[in-house]
Amino acid sequence: MSKELGFSNQDIQSNQFLEIITGNSIIENSKPFAMCYAGHQFGNWAGQLGDGRAINLGEIKNWALQLKGAGPTPYSRTADGLAVLRSSVREYLCSEAMHHLGVPTTRALSLSLTGDQVLRDVMYNGNSAYEKGAIVSRVAKSFLRFGNFEIFAARNDLKNLKILTDYTILHHFSHLGNPCKEVYLKFFQEVTNKTLEMIVHWQRVGFVHGVMNTDNMSILGLTIDYGPYGWLEGFDLGWTPNTTDKKHKRYRYGNQPTIGLWNLYQLANALYPLIDEAAPLEEILERYQRDFKTESLHMMRSKLGLTLAKKNDLLLIESLEKNLQASETDMIIFFRKLSDFKKEFPEQGIKLVENAFYKIDEIHDNLLNNWQQWFSEYAKRLKEEPIPFSERQKKMNKVNPKYVLRNYMAQLAIDKVETNDSSLIEELYQILKKPYEEQPEFEHWFAKRPEWARHKVGCSMLSCSS
Ligand code: AMP
Ligand code: MG
């Protein structure tokens with residue numbers, strides 16, 4: 001990221017750089033600011049929020065630079081404006097990992113300790129404790145959120161709603177043309193497409209954002225605000241890492257596409273005063289649902305190495321998902337191993353992926369039959385494909401990552417850095433830069449979640465406390 005911004009190695013080792021990314025001094029002639037936005041949180045209107053702990057330093061080569069956790073802003077409300085090391089490590093590693101996975105995301109430039117002690121109640125159960133404070137400097141073309149548009153609409157401040165929307169179009173969607181009613185609609189269509197594309201990527205790699213509130217939805221369709229996110233281990237459409245959402249599981253893996261749409265409805269409402277016609281907005285929202293089905297099918301075909309579109313593919317995919325879920329199957333290992341599958345030997349399928357099963361002893365009778373049946377259907381389907389084994393394998397390995405930031409991996413890096421040893425952060429950072437490559441020296445990270453991490457805070461259970 002530093003190279004992209006034009007910094008040399010010398011620059012990033014300078015004291016001046018350190019002072020800037022830790023918020024001790026500001027870039028010459030710049031005017032740092034925090035943004036005001038609103039949001040719908042967990043399905044309810046939450047009113048005004050804003051950058052409570054993010055400070056925009058300015059732009060470098062059209063990239064906006066923010067500090068997260070550098071202290072109070074006018075929007076901190078009753079909170080401290082700080083961030084703890086634990087959540088900063090998670091944001092730093094995961095946002096970079098996502099970038100290298102090919103998922104649209106904000107980036108991370110640096111991670112630093114502040115020397116502050118920050119009080120947090122990790123599980124909201126009355127056990128507050130001091131933790132180390134940290135700052136992530138993060139980078140994006142824009143940090144605007146759906147909530148930035150919602151705040152003006154809610155205040156009926158149409159003048160500023162128009163100024164903001166026109167600004168966004170001129171700076172980030174200029175190919176759409178000069179702002180006018182038609183262009184506002186095109187803008188909404190494009191934000192819809194980008195949001196859809198981002199969520200299809202999440203589903204592909206097994207990422208669960210955890211807090212898809214409208215204030216956490218980027219207008220550029222970037223994954224933003226890494227909080228209690230998590231990675232699927234056992235494939236489970238009902239899984240959410242966020243314990244704050246334990247009861248309704250609004251933001252569970254399988255619900256992310258629907259929530260994306262729900263959030264787009266809120267954005268449509270916010271933009272409505274500029275357009276003054278509901279039908280074309282509704283049409284775009286309806287199209288999202290159709291497009292999602294198409295794009296999702298396309299994505300799942302690619303995970304299975306299918307290049308042709310055949311009528312029964314959806315059935316094949318649905319029965320696979322049923323099996324994956326019924327047998328607690330590690331999503332990453334399963335799809336990665338599947339690229340070794342040979343259509344001539346369907347009976348070897350189970351053996352090939354057995355490492356992906358968390359409870360191999362439970363795979364018998366019906367479940368075993370279902371799997372055997374699935375592998376023979378899959379083998380039959382592969383026989384219709386024009387590409388040879390080696391080409392399919394190559395294609396599959398480009399969409400099915402070998403290395404992701406498993407929940408327990410982040411936690412191990414956090415535990416280590418708490419003892420002033422950042423070596424694991426560095427190791428994971430290097431691995432996650434090449435998630436689709438084999439990297440035999442790191443094969444030990446291509447493994448199921450260890451049992452100790454199954455119910456551990458920070459691994460399977462995360463809260464919004466950060
Ligand atoms: P989040 O759930 O992290 O997206 O945060 C929701 C809102 O709370 C945003 O407006 C944040 O800026 C604000 N917020 C979260 N943590 C803090 C904090 N420690 N200090 C100030 N504001 C915060
Ligand atoms: Mg947020």
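Quick caveat: nothing in here was measured; it's all calculated off a predicted structure. Position 1 is the first residue of the sequence; numbering continues from there. First listed ligand is number 1; within each ligand, the first listed atom is number 1.
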**Q** With a 6.0 Å cut-off (strictly less than), is the heavy-atom count around CD of Gln117, excluding the residue itself, greater than 12?
**A** yes
**Q** Is the Tyr408 ring parallel, tilted or perpendicular to the Trp445 ring (thresholds 30°, 60°)?
**A** tilted
**Q** Answer with yes or no whether the side chains of Thr240 and Asn242 bring together a donor and an acceptor at under 3.5 Å.
**A** no
**Q** Is Gly50 close enough to touch ligand 1? Criterion: a residue heavy atom under 4.0 Å from a ligand atom.
**A** yes
**Q** Can you list the ligand 1 atoms lying under 4.0 Å from a non-hydrogen atom of Asp225?
**A** 4 (O)
**Q** Would you say atom 5 (O) of ligand 1 touches the protein, meaning some protein heavy atom is under 4.0 Å from it?
**A** no
**Q** Applying a strict 4.0 Å limit to heavy atoms, is Gly227 in contact with ligand 1?
**A** no
**Q** Checking a contact table here: which protein heavy atom is nearest atom 20 (N) of ligand 1, and how many Å away?
**A** Gly81 N, 2.8 Å
**Q** What's the shortest distance from atom 21 (C) of ligand 1 to any protein heavy atom, and which residue and atom give it?
**A** Gly52 O, 3.1 Å
**Q** If we set the cut-off at 4.0 Å for heavy atoms, which region of Asn213 has an atom near ligand 1: side chain, backbone, both, or neither?
**A** neither
**Q** Taking NZ, NE, NH1 and NH2 as the nitrogens, is one of them in Arg449 or Glu328 under 4.0 Å from a carboxylate oxygen of the other?
**A** yes
**Q** Closest non-hydrogen protein atom to atom 13 (C) of ligand 1, residue and atom name please, with distance?
**A** Arg77 NH2, 3.7 Å
**Q** Less than 3.5 Å between some nitrogen or oxygen of Leu82 and one of ligand 1, yes or no?
**A** yes
**Q** Which ligand 1 atoms, with their elements, are less than 4.0 angstrom from a heavy-atom of Ala79?
**A** 18 (C), 20 (N), 21 (C), 22 (N)
**Q** How does Tyr37 reach ligand 1, by side chain, by backbone, by both or by neither, if only non-hydrogen atoms under 4.0 Å count?
**A** side chain
**Q** Could you tell me whether the Mg ion (ligand 2) has an N, O or S atom of Asn216 under 2.8 Å away?
**A** yes
**Q** In this structure, does ligand 1 have an atom that sits under 4.0 Å from one of the heavy atoms of Arg120?
**A** yes
**Q** Run the salt-bridge test on Arg287 and Asp291 with the 4.0 Å N-O cut-off and return the result as yes or no.
**A** no
**Q** Counting only heavy atoms not in Tyr130, do more than 12 sit closer than 6.0 Å to its OH atom?
**A** no
**Q** Looking at Asp330 and Arg336, is there a salt bridge between them, counting it only when a charged N and a carboxylate O are closer than 4.0 Å?
**A** no
**Q** Could you please spell out the steps behind the salt bridge (Lys or Arg N to Asp or Glu O under 4.0 Å) verdict for Glu233 and Lys448?
**A** CA-CA 7 Å; Glu233 283 151 342; Lys448 288 189 292 268; over 6 Å; no
**Q** Please determine if the Mg ion (ligand 2) has an N/O/S atom from Asp225 lying under 2.8 Å away.
**A** yes
**Q** Looking at atom 19 (N) of ligand 1, what's its closest protein heavy atom, distance included?
**A** Asp80 OD1, 3.0 Å
**Q** Please could you name the atoms of ligand 1 that Asn216 approaches to less than 4.0 Å, counting only its heavy atoms?
**A** 4 (O)
**Q** With under 30° as parallel and over 60° as perpendicular, where do the rings of Phe149 and Phe187 fit, or are they tilted in between?
**A** tilted
**Q** Please tell me whether Thr419 and Asp421 have a donor and an acceptor in their side chains that are separated by less than 3.5 angstrom.
**A** no
**Q** Do the side chains of Arg454 and Glu451 get close enough for a salt bridge, i.e. N-O under 4.0 angstrom?
**A** yes
**Q** Taking only heavy atoms of Leu49 into account, list the atoms of ligand 1 that are under 4.0 Å away from them.
**A** 10 (O)
**Q** Note the single closest protein heavy atom to atom 15 (C) of ligand 1, along with its residue, its atom name and the distance in Å.
**A** Arg53 NE, 3.8 Å
**Q** For ligand 1, indicate whether the residue Met35 contacts it via side chain, backbone, both or neither (heavy-atom separation under 4.0 Å).
**A** neither
**Q** When you measure from the side chain of Gln256 to the backbone of Phe207, do you find a donor-acceptor pair of N or O atoms at a distance under 3.5 Å?
**A** yes
